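To start, the structure under review is shown below, and the notes come after it.
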Amino acid sequence: MGNTYIKITSEKLRLDECYEFVTDDSCGGIVAFVGTVRNTTQSKEVTQLDFSTYKPMAIKEMNHIAEIALEKFAIKKIAIHHAEGMLQIGDIPVIITVAAPHRKAAFEACEFAIDTLKESVPIWKKEHFSDGEVWVNAHP
């Protein structure tokens, strides 16, 4: 694993797994982003979300994001985990943890990682409502 821990799974994501991976005695700051399934979007009631991935390419892109973060920011370790499959309200589809000697780099790297993941990784989300469903962020 080295300084990165990338995972896509249909199992429940665990914050403690990501946190434990990035913990390092040389780091004074750990930042975590935990995305959760909310019950509304654009004034509609969400009942569940379904995440589909092109897993080989998604893993490759997530590794690329982690490597860029390690080069661009003064961080030591990064974990990026994403769920696939059907998720219910309150479930966790994504966790990113970053450890750095100083907090600012950890915050910046974490924000970079989630923003870039949403823009470039082939993971698609279908929102289910009581009256239908719709694919969102259907890119790249």
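All values reported here derive from a predicted model rather than from experimental measurement.
- Remark: the Thr53 side chain and the Glu84 side chain contain an N/O donor-acceptor pair separated by less than 3.5 Å.
- Residue-environment remark: CZ (Phe129) exceeds the threshold of 12 foreign heavy atoms within 6.0 Å.
- Summarising the geometry, atom SG belonging to Cys110 is positioned 11.5 Å from atom CD1 belonging to Ile30; distances are rounded to the nearest 0.5 Å.
- Leu49 CG to Leu87 CG: the interatomic distance, rounded to the nearest 0.5 Å, is 6.5 Å.
- A continuous path of Ile, Leu, Val, Met, Phe, Trp and Tyr side chains, each step under 4.5 Å between heavy atoms, connects Ile80 with Phe112, placing both in one hydrophobic cluster.
- Rounding to the nearest 0.5 Å gives a distance of 8.0 Å between CD1 of Ile89 and CD of Glu45.
- Environment of CD in Gln48: crowded, with over 12 heavy atoms of neighbouring residues, nucleotides or ligands closer than 6.0 Å.
- Note: Ile123 CD1 to Leu117 CG = 5.0 Å, rounded to the nearest 0.5 Å.
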- side chain to side chain contact (heavy atoms under 4.5 Å, CB included) evaluation trace for His81 with Tyr5: CA-CA 8 Å; His81 290 192; Tyr5 184 16; 3.4 Å; yes

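- Of the possible donor and acceptor atoms, none in the side chain of Lys125 sits under 3.5 Å from a partner among the backbone N and O of Asp50.
- A donor-acceptor pair is defined here as one N or O able to donate and one able to accept, closer than 3.5 Å; such a pair exists between the side chain of Thr47 and the backbone of His128.
- Atom CD of Gln88 has more than 12 heavy atoms from other residues, nucleotides or ligands within 6.0 Å.
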- Message: Could you go through Thr36 and Val34, starting from their C-alpha distance and side-chain angles, then the distance that decides it, and tell me whether this counts as side chain to side chain contact (heavy atoms under 4.5 Å, CB included)?
- Response: CA-CA 6 Å; Thr36 58; Val34 178; 4.3 Å; yes

- Item | Test log, rule side chain to side chain contact (heavy atoms under 4.5 Å, CB included), inputs Thr40 and Lys44 | CA-CA 5 Å; Thr40 59; Lys44 291 189 85 165; over 6 Å; no

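- Of all the heavy atoms in Gly29 and Ala106, the pair that sits closest is O-CB, 4.2 Å.
- Val46 and Val94 fall within a single hydrophobic cluster, where Ile, Leu, Val, Met, Phe, Trp and Tyr are joined by side-chain heavy atoms under 4.5 Å apart, directly or via other members.
- Taken from OG1 in Thr97 to CG in Leu15, the straight-line distance is 7.5 Å, to the nearest 0.5 Å.
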Name every donor-acceptor pair, under 3.5 Å, that has one atom in a side chain of residues 58-79 and the other anywhere in the protein, sequence neighbours excluded.
unit_1 : atom_1 : unit_2 : atom_2 : d
Asn63  : ND2    : Ile59  : O      : 3.2
Lys77  : NZ     : Phe21  : O      : 3.3

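- Counting only residues at least two apart or in different chains, ring pair (Phe, Tyr, Trp, His ring centres under 6.0 Å) contacts with residues 23-63 comprise Phe51-His82.
- Residues Ile114 and Val121 share a single hydrophobic cluster, defined by chaining ILVMFWY side chains whose heavy atoms lie under 4.5 Å apart.
- Both Val98 and Ile6 are members of a single hydrophobic cluster when ILVMFWY side chains are connected at heavy-atom separations under 4.5 Å.
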